Amino acid sequence: MVAADTLAAFRAAPHKSLSYGLGLDSTVLLLAILDDPASFGIAEDFSELSVVTGLTASRFPT
């Protein structure tokens, strides 16, 4: 569970960034944000949200 002060700080920020790690926790959080952006303090058009992820070749061998 996310600490209440962490969530309050996220809601108060003018622009939100989610570091999407492609795992279970960040996927559940992203789906919750997409389902009800207003409860996270995000505009309905998602103009205040950036989702960032990164993949490296070393993590997924070819």
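Excluded from the calculations below are hydrogen atoms, water molecules and symmetry mates; all remaining heavy atoms, backbone and side chain alike, are included. Because the structure is predicted, anything quoted here is derived from the model rather than measured.
- Clustering of Ile, Leu, Val, Met, Phe, Trp and Tyr by side-chain heavy atoms under 4.5 Å joins Val28 with Leu24.
- Side-chain atoms of Phe40 and Leu49, non-hydrogen and from C-beta on, never get closer than 4.5 Å to each other.
- Judged purely by atom type and a 3.5 angstrom limit, Lys16 has no side-chain atom pairing as donor or acceptor with the backbone of Val51.
- Between Glu48 and Ile42, the shortest heavy-atom distance links the atoms OE1-CA, 3.6 Å.
- Annotation: side chain of Leu31 is in contact with side chain of Thr27 (closest heavy-atom distance under 4.5 Å).
- Across Ile33 and Phe46, no two heavy atoms sit closer than the pair O-CE2, 3.9 Å.
- In this view, Ser17 satisfies the side chain to side chain donor-acceptor pair (under 3.5 Å) rule with no residue, not counting sequence neighbours.
- Val52 places none of its side-chain heavy atoms less than 4.5 Å from the side chain of Tyr20.
- For His15 against Ser47, the heavy-atom pair with the smallest separation is CE1-O, 3.7 Å.
- Of the possible donor and acceptor atoms, one in the side chain of Ser26 sits under 3.5 Å from a partner among the backbone N and O of Gly21.
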